[in-house]
Every structure is written in C-alpha cells, then in structure tokens.
Amino acid sequence: MRATATSMGACAVTDIAGESVDDLPVASIMWYRRDLRIHDLPALLAALEAGPVLPLFVLDDRLLHGRWPSANRAWFMLECLRVLDSQLREHGSRLHVRHGAPELLIPAIAREVGARAVYVSRDYSPFARRRDAAVEEALTRMGVAFRALPGTLVQEPEAVRTGDGRPYAVFGPFFRKWQQLSRRAVLGSPAAIETVAGVDPGRLPATGEFGFEGAAQEAIAPGELAARERLAAWAGGGIAGYASGRDFPSKGATSRLSQDLRWGLLSPLEVVERCGGHGADSGKFIAEIAWREFSYHLLWHYPRIVREPFQRRFGGIAWANDAMPLDAWRAGRTGYPMVDAGMRELLATGYMHNRVRMIAASFLAKDLLLDWQLGAAHFMEHLVDGDVANNTVGWQWAASVGADAQPYFRVFNPRAQGERFDPGGEYIRRWVPELANVPGKYIHEPARMPPEVQRAAGCRVGVDYPEPIVDHVRARQASIERYRESLRRSG
C-alpha cells in the first residue's frame, strides 16, 4: 500500500496523450474531503498561490454506503457543504460537486479545466490511503501533480517517533514528544478566491436522495461558522472548569468540538493555539486533542487495527453470540440507567458524552461479553463525530485489547460509575424519562425500589423499565476468565 504523497515538485506539462498543455490556463483543484472550512487550510492557500482554483467535493458511494453508513453523518456533512458553498460564494467562488469514484472523476475534471495540480489535506485511514494512491497514479499519468498537505492534525504521524525511530504504542511518551515538536503557524483565510469559470457546479442533494432518512433531531448546528462560534465560546472562558468537570455529563463542561474536528470545520492546530492560557484546564484539554492524534498515529502505523485488536494476544477471545442483549444495549434497555441514558442520548442526538461512551463500551465488551466491533459499528452508525481512528482506538481501549488500554481485569461497574459521575441522576432523568420520578436513593438501581416506591414513581420495574439484563458481579468474573483463556491460548 502506498502512502499519500506529499511531494511539492514541479508537475509535467503534457497530458496523458502526450499533448502540450502549456497553452491551458494555470489552474488547480482544491479537493475537499474532511476539511470543510476556509480558515487555516494549507491546501487551499497553496492552491491559490498557483492561480485560479476549482473547489470540489466528490460524493463517494463507498463512504456513504460502505462499511459504516450513517444518516446522521450524511445529513451533517451535506449541511456543512452547504455552509462551505455559501462561504466560498462570499469569496468569489463556489463549491463544485460530483458523485462517483474519485479516481475516475478527479482526473476527468483536471483534464476539463486544465489543472496542473490537485491539492488535498492529508487523510490517514487505510481506505483513504488506497483511494489517494489511485487518484495520484491516474493524475501522474496525465502530468498533473497531487499535493497532499497537513491540516487534519497538529503533528503528522511520521513526526512523532521514539528515539530509535519507532512509532509509539503508549500515550504518555507520545504526548511528551508531541508537545516538544515545533508547530507551523496558524494561517488565516483568503481574502478572495479566484475561481475557474465555466464549469458545471453540480448539485448538493438532499439527505433522502441517498436513502438516508431519520437523522437525529437534536444534532448540533453544522458548518464552519457555527463551529467557530463554539470555539470562540470555549476558548473565551467555557474551558474553565474542564479538568474537574469533564467527566460529569450533566455539567456541560466539555467543548462539543468533536464533530468540528471530525469534519475539519476547525483546524486542530488553531484549536490548540487558542485554548492555551487556562492552566490545568488547558493542559487537560490539549491532552485530549493529543489523544485524538495518538489514535491517528496508531491507525497510520498499524492500519490492521480496523479489523483486529492491536494486542493480538486477545484476538481469540470467545465472544458471546446472543442478539437479545445486543439489541437491548442498542436500544438503551439494559436495566443499568447510566448505560441506557448514554445509548438513548446517542439515538436522539448523534452524540454521547465521552465518559458515558467508556461506560457503555465497557458494559458491552465486559458485562455482555460481546465483540467490541459490534459496538464500534453501532457507534459509527449514529455518531455525527464518528471517526474510524478515534472510534476504533477508543473501543479497543474500553475492551482492553488496544494500545495503552486499561487492563483486562478492570471492568467498569455501571452503577458505581453513575453514582460517581451523575450523583443526582440529572443526566439519567433527562434521557431515561421513565425514571424521572424515581427517588435519588434508587436512581442508579431502580430494581431495588420497593413496590410502593415504584407505584409512587410511576415506574414499574420489569414493565416500564427493564430489570438488569445481567448481574454485574457475575458478568465481571466471567469476563476476566474469558480474557485469561485467550491469554493462555496465545501462549
């Protein structure tokens, strides 16, 4: 597999048929993918230095309907593209849209407009690397340069290595090295965008045209402008209290920038640079940005993790094969309020608080002994911020099969986690309304309510709200033994 090219050499001046293209106007294509912004976008600014630019987005069915289709992400992406088109129009250009395979469409459009180069922000997944290699190969045959620039990460995966040149597999030393590296300057937005004229702009479809219906009704506002407002509010003071409050889902103490980073509505470099100066809160927040980059670092160096655990010694875990508990988990009907609240938040909004993601993931892999990839797929189906690097690495961490993961014998107690991080039950009551009137004494264990309390609360356990589908104490022990069996078999 070839890595995405980053060469900046001069391109040839003949097309695929060997004919001279010197008489064509100098033009470039800015191929947008997951960088739907105009601020601090090195690829866009580099393209503009060369002359007129055609901003382009390709709707690729392999991503829309492939391994992880998502109505929520399709809706959010299309709305972000509408905002981007509006921004480009304000700068004298517009977004051009095509639907099909990029390795066929990009060369065809380059030939149509006489482009000398195609500019992109680097992408890092195994699929993206194969796609970009195919596009680059086709362009090279035409004498057109493929120029992939930074913009998705603060530090490129090749830059963060151990003293002997190896990739990191533990976050702590990765983070220390990541912090020590120099950073490029944050770039502004172009004053104007000279565009390539006379090209059919295409059309942005409605979400339903792709067969995606029922996007989350409470999803966050899409587009770079809304993202920049969120960043301004966060960097301007919202970050205060992050270190102490980030694990409490009812406090609203998180940035809510995850989808903005996922879709490149914000540059992670600008986020880091603007969020300094808040002491421990900044330190903790920037460490979380670095954890995001650690996930990309792992995916780049170990692309196999999208299909198998980083720790191969856990590749033989005998997962359970039972549809009932999986369906109950997906629906938020496990009888464990903290788990159920998170799963219902996900269904309603396309988002789940990070602490609750860990609780829900641990419950699936450890209490239910179901394959972590089933949970990862469900998250990717619903999360607006669903990202192959972060989702994969996060799930492997929770299932204790990934890099720098929690030990396999550490199993989150969903009741204790709820008592610690939602002590008053505010988060639970919001997302599990049948528990709204349950007294605080029982909010984390409704099954303990005496019959008269159930009647008073209007919540009959086993009728209005389910009994716990597993006993946590027994499930924990069974999980530990299953992991130990895998270790014994692996030698």
Side-chain angles (χ1 to χ4, degrees), residues 2-6 28-47 53-70 73-85 87-88 93 95-107 109-110 115 117-136 138-139 144-153 156-157 202 204-205 210 222-224 227 259-269 292 296 299-300 380 384-390:
R2 295 172 58 198
T4 302
T6 57
S28 301
I29 293 172
M30 172 60 210
W31 177 19
Y32 279 97
R33 290 98 69 86
R34 45 180 303 158
D35 49 359
L36 308 184
R37 65 182 187 273
I38 62 172
H39 291 80
D40 191 37
L41 188 54
L44 175 60
L45 294 177
V53 173
L54 185 83
L56 174 68
F57 189 88
V58 177
L59 296 160
D60 189 339
D61 282 327
R62 292 169 299 183
L63 292 175
L64 290 165
H65 300 289
R67 186 178 178 188
W68 293 300
S70 170
R73 280 198 306 285
W75 167 81
F76 191 83
M77 176 192 73
L78 289 170
E79 294 306 309
C80 288
L81 289 170
R82 296 186 210 287
V83 174
L84 177 61
D85 180 48
Q87 291 177 278
L88 291 169
S93 183
L95 185 65
H96 295 72
V97 181
R98 297 292 186 272
H99 186 179
E103 58 268 32
L104 300 177
L105 289 171
I106 300 295
I109 297 169
V118 173
Y119 290 82
V120 300
S121 297
R122 289 188 70 187
D123 205 349
Y124 306 93
S125 73
F127 170 85
R129 293 166 73 173
R130 292 191 299 269
R131 174 200 62 198
D132 287 358
V135 171
E136 182 185 14
L139 291 173
V144 177
F146 183 79
R147 296 179 174 170
L149 278 70
T152 306
L153 301 174
E156 296 305 300
L204 274 172
F210 287 117
E224 182 185 6
Q259 68 288 321
D260 304 330
L261 291 167
R262 159 62 177 90
W263 290 102
L265 306 177
L266 297 173
S267 150
L269 176 64
R292 171 183 183 266
Y296 278 88
L299 184 66
W300 176 263
M380 286 296 287
V384 170
D385 64 21
D387 172 283
V388 62
N390 290 289

Trace of the side-chain contact (heavy atoms from CB on, under 4.5 Å) decision for I29 with V120: CA-CA 9 Å; I29 293 172; V120 300; over 6 Å; no
From CA spacing to verdict: salt bridge (charged side-chain N to carboxylate O under 4.0 Å, His left out), D123, R131: CA-CA 10 Å; D123 205 349; R131 174 200 62 198; 3.5 Å; yes
Working for side-chain contact (heavy atoms from CB on, under 4.5 Å), residues D35 and M30: CA-CA 11 Å; D35 49 359; M30 172 60 210; 3.5 Å; yes
Intermediate values then yes/no, side-chain contact (heavy atoms from CB on, under 4.5 Å), I106 and L56: CA-CA 9 Å; I106 300 295; L56 174 68; 3.4 Å; yes
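Considering every non-hydrogen atom in both H39 and E224, the closest pair reads ND1-OE2, 2.6 Å. Taking all atoms of both residues into account, the shortest heavy-atom contact from F76 to P222 is CE1-CA, 3.4 Å. Considering all non-hydrogen atoms of both residues, P150 and S121 come closest at O-OG, 4.5 Å. The two residues R129 and W300 come nearest to each other via the heavy atoms NH1-O, 2.8 Å. In terms of heavy atoms, V58 sits closest to L105 at CG1-CD1, 3.8 Å. The nearest pair of heavy atoms linking P205 to L78 is O-CD1, 3.6 Å.
Rounding to the nearest 0.5 angstrom, the gap separating the CG atom in L84 from the OH atom in Y32 is 5.0 Å. The CG atom of L149 lies 9.0 Å from the CD atom of E156; values are rounded to the nearest 0.5 Å. Distance check, rounded to the nearest 0.5 Å: OG of S125 to CG of D132 gives 8.5 Å.
Inter-residue side-chain proximity for D60 and P102 is flagged as met; some heavy-atom pair is nearer than 4.5 Å. Side-chain contact between R122 and P42 is absent, with no heavy atoms from C-beta onward closer than 4.5 Å. When side chains are defined from C-beta on, V97 does not count as touching L81, because their heavy atoms never get closer than 4.5 Å. The closest side-chain heavy-atom distance from L299 to P126 is below 4.5 Å. Looking at heavy atoms from C-beta onward, L36 lies out of side-chain contact with V83 at the 4.5 angstrom threshold. Here the side chains of W31 and V135 are in contact, with some heavy-atom distance below 4.5 Å. Contact check for F127 versus L63: side-chain heavy atoms found under the 4.5 Å cut-off. Taking the side chain as every heavy atom from C-beta outward, Y124 and L153 approach each other to under 4.5 Å.
The main-chain N or O of L261 is found under 3.5 Å from a side-chain atom of R292 such that the two form a donor-acceptor pair. Checking side-chain atoms of Y296 against main-chain N and O of N390 turns up no donor-acceptor pair under 3.5 Å.
No option in M77, H99, H96 other than M77 meets the side-chain contact (heavy atoms from CB on, under 4.5 Å) test with F57.
In this structure, R73 is not positioned above the aromatic face of W68 in the sense of NZ or CZ being under 6.0 Å from the six-membered ring centre and within 45° of the axis.
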Using distance only, find each side-chain donor-acceptor pair of residues 262-269 under 3.5 Å and give its atom names and separation, not counting sequence neighbours.
residue: R262; atom: NE; partner: G386; partner atom: O; Å: 2.6
residue: W263; atom: NE1; partner: V384; partner atom: O; Å: 3.2
residue: S267; atom: OG; partner: D40; partner atom: OD2; Å: 2.4
residue: S267; atom: OG; partner: L269; partner atom: N; Å: 3.2
residue: S267; atom: OG; partner: E270; partner atom: N; Å: 3.2

